[in-house]
Amino acid sequence: MSRCDPHSWCDDGQAVTRHLDLSWKVDVAARVLEGEVRLTFAAPATGPLDLDSRGLIVAGIRTHRDEPVDWSVDESDPVLGERLRLELPTGTEAVTIRYRTGPAASALGWLDPIQTTGGRHPFLFTQCQPIHARSLVPCQDTPRHRVTYTALVDVPAPLRAVMSAAPGGDEPAGPGRTRWRFAMPQAIPTYLLALAVGDLDRRDLGPRSRIYAEPDMIDAAAWEFAEVEAMIRAAERLFGPYEWDRFDLLLMPPAFPYGGMENPRLTFLTPTLLSGDRSLVNVVVHELAHSWTGNLVTNATMNDFWLNEGFTVYAERRILEELHGREFADLQGVLRRNALQVHLDQFGPDSPLTKLRTDLAGIDPDEVYSLVPYEKGAQFVILLERAVGRPRFDAFLREYIDRFRFRSITTDEFIAFLEEELPGVLDAVDGRRWIDGPGMPANEHRTSAPALDRLRALAAGWSAGARPGPESAAWSPTELQLFLQDLPRPLPHDDCRWLDEAFALTGRGNHEVLVEWLTIAARSGYAPVRPRLRQVLGRVGRMKYLKPLYGALMAAGDDGPAFAREVFAAAAPGYHPLSRGSLKNIVGT
Ligand code: BES
Ligand code: ZN
């Protein structure tokens with residue numbers, strides 16, 4: 001046998017799935033999806049077929065000719081889940097697997113009504129990236145293969161179901177139930193399968209975009225993301241036509257563990273983006289950029305994840321530059337380069353987890369998630385761009401997308417393509433050191449901007465008594481955040497008070513600024529922010545915020561750790577299983 005992906009049981013020598021027909025009944029009370037999936041193969045197949053599964057309870061399997069199929073489930077691997085082995089009779093074109101999801105399905109986020117904005121209806125959402133689709137459906141859960149799909153989803157009225165697919169209408173499905181239809185004509189890797197069920201309203205934002213959100217949030221969300229068509233046009237100018245027909249958005253409840261997830265045709269977004277000033281739309285731009293880098297050209301395995309995220313961060317900045325100018329995009333880049341440094345320091349200078357190409361066999365990708373593939377990846381792409389100049393690099397990117405669209409590629413395939421198209425540039429930028437060496441190579445490009453120099457000088461003088469003057473009232477949220485990032489920590493309580501009074505930080509709705517501030521305050525043991533901290537930690541599930549906040553409390557000298565454990569104990573039942581898992585390690589319970 002030959003495994004094609006260290007995070008899947010899939011076997012190169014076996015049948016390949018090309019299409020899924022899903023049919024689920026959503027049982028909210030039992031927190032279970034029950035139904036079936038029909039897997040159609042690329043060609044008639046015979047013999048063993050290994051599928052991925054995690055906690056699924058299989059009821060029976062039959063071929064397209066309605067013959068029974070023998071199957072067995074292996075012992076569970078902590079990272080991969082269970083291998084579900086089918087023995088296909090000669091010439092099997094498709095199989096139908098009847099099954100239900102297990103009690104701890106890692107892809108499923110079940111929320112009680114109280115965790116939603118409306119407070120009246122439950123909510124369900126999936127998060128399949130990186131390797132959770134297997135807890136939702138038995139499949140070849142590797143980005144090496146792509147599938148089209150259809151789905152029938154039976155949910156309690158008045159809830160609406162939405163998916164990473166084209167909606168095909170709804171019909172009554174017995175008393176108090178509605179059946180929603182979907183079809184996904186573009187082939188996707190299984191990590192892009194997505195479903196959400198909730199009390200959802202919708203509003204058009206442009207000719208090919210609409211926003212779905214809980215009714216109480218729809219106005220604010222429609223305002224915040226009103227620029228979406230301009231974003232798509234800018235992206236198309238840079239990277240070619242948008243290939244997914246629709247770019248709809250779904251505003252998630254606060255428990256959603258990420259900022260955004262690029263589910264095709266339906267990007268999922270955290271409600272912490274609703275800052276009221278459109279200053280956090282870069283996350284939408286990022287997920288949009290994945291429509292080219294990630295969803296069209298897909299990483300072959302999680303070892304090549306930097307191809308998805310590094311190129312997407314680069315593309316995100318290019319789109320932002322088109323929309324808001326060079327300085328805006330540059331300052332965003334510096335913000336995130338600063339954040340990367342924190343992760344690099346946590347890993348240490350020689351850590352293999354700071355390489356672009358990783359070897360994650362035996363490792364749960366969720367546990368090593370960091371900004372390395374994102375920001376180190378983007379820095380590498382910037383270097384390539386600078387080495388050949390924008391016009392040539394833009395042509396290269398177009399060619400890259402064109403050559404590999406609807407395919408998956410490894411880092412080696414990328415290197416070969418780069419050498420072919422732009423000979424010599426890999427060596428010129430010391431590319432192998434970037435890809436296979438740890439840390440940040442010395443030749444990284446350093447962004448300079450007058451605004452940045454002023455902010456850095458001001459923060460550097462803080463301990464000697466320098467303070468921002470009245471001009472700081474006009475700082476953008478990004479400038480304020482850059483200044484806060486550079487401040488020493490812990491800070492004396494008097495300094496914390498000064499900052500909070502000068503910038504009204506504790507009351508901010510922009511979560512990037514708010515969390516940067518709360519991290520400083522928590523690390524400094526500054527108690528007046530405790531009620532606000534408790535509120536944020538109790539409601540927001542975005543790991544990007546939870547991890548540094550709990551980390552800062554645990555590092556504080558006072559009763560921070562005790563406070564962290566108390567808040568965690570109260571909030572944990574509401575967190576997504578993913579967030580709960582990684583926070584447990586930080587809080588140490
Ligand atoms: N695809 C990622 C989210 C993801 C990665 C989920 C790996 C699970 C495993 C998404 O595109 C992303 O990167 N989101 C970022 C947004 C950002 C970098 C602007 C986030 O959630 O913070
Ligand atoms: Zn991304």
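Quick caveat, the model's predicted, so the values are computed rather than measured. Start at 1 and go down the list; that is how both ligands and their atoms are numbered.
- Looking at E287 next to ligand 1, an N or O pair under 3.5 Å apart turns up.
- Taking a cut-off of under 4.0 Å to the non-hydrogen atoms of F305, the atoms of ligand 1 that pass are 5 (C), 7 (C).
- Polar contact with ligand 1: present for E309 (N/O pair, distance under 3.5 Å).
- A salt bridge is defined here as a Lys NZ or Arg NE, NH1 or NH2 lying under 4.0 Å from an Asp or Glu carboxylate O, and R405 with E399 fails to meet this definition.
- In summary, R403 and E413 do not engage in a salt bridge, as defined by a charged side-chain N under 4.0 Å from a carboxylate O.
- Heavy-atom proximity to H290, at under 4.0 Å, picks out these atoms of ligand 1: 11 (O).
- Summary: OE1 is the N/O/S atom of E309 found nearest to the Zn ion (ligand 2).
- Ion pairing between a basic and an acidic side chain is recognised when a charged N comes within 4.0 Å of a carboxylate O; D330 and R326 show such pairing.
- Rounded to 10°, the angle formed at the Zn ion (ligand 2) by NE2 of H286 and NE2 of H290 is 100°.
- Counting atoms of ligand 1 from 1 in the listed order, those under 4.0 Å from a heavy atom of Q127 are 6 (C), 8 (C).
- Residue H286 places at least one N or O, backbone or side chain, under 3.5 Å from an N or O of ligand 1.
- Not one N or O of K544 is nearer than 3.5 Å to an N or O of ligand 1, by distance alone.
- For atom 13 (O) of ligand 1, the closest non-hydrogen atom of the protein is Y374 OH, 2.6 Å.
- Using a 4.0 Å cut-off to heavy atoms of G259, the atoms of ligand 1 that qualify are 20 (C), 21 (O), 22 (O).
- Between R210 and D248 there is no salt bridge, since none of the side-chain N atoms of the basic residue sits less than 4.0 Å from a carboxylate O of the acidic one.
- For D245 and R265, the salt-bridge test passes: some basic side-chain N is under 4.0 Å from an acidic carboxylate O.
- The pair R336-E316 counts as a salt bridge, with a side-chain nitrogen and a carboxylate oxygen less than 4.0 angstrom apart.
- At under 3.5 Å, not a single nitrogen or oxygen of N282, backbone or side chain, sits near a nitrogen or oxygen of ligand 1.
- With a heavy-atom cut-off of 4.0 Å, Q129 touches ligand 1 through backbone and side chain alike.
- The shortest contact between atom 22 (O) of ligand 1 and any protein heavy atom is with R542 NH2, 3.3 Å.
- Between E236 and R208 there is a salt bridge, since at least one side-chain N of the basic residue sits less than 4.0 Å from a carboxylate O of the acidic one.
- Residue-ligand proximity: Y191 is placed with every non-hydrogen atom at 4.0 Å or more from ligand 1.
- In terms of polar-atom proximity, defined here as any N/O pair under 3.5 Å, G260 does make such a contact with ligand 1.
- Between the side chain of E82 and the backbone N or O of G55, at least one donor-acceptor pair lies under 3.5 Å.
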Checklist entry - Would R390 and E321 count as a salt bridge (charged side-chain N to carboxylate O under 4.0 Å, His left out) if you check the C-alpha gap in whole Å, the side-chain angles of each, and the deciding distance to 0.1 Å? => result CA-CA 13 Å; R390 268 209 179 161; E321 188 180 325; 3.0 Å; yes

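- With respect to the salt-bridge test (charged N to carboxylate O, under 4.0 angstrom), the residues R318 and E322 do not qualify.
- A donor and an acceptor atom, one from each side chain of T411 and W306, are located under 3.5 Å apart.
- Near E262, the atoms of ligand 1 lying under 4.0 angstrom from a non-hydrogen atom of the residue are 1 (N), 2 (C), 10 (C), 11 (O).
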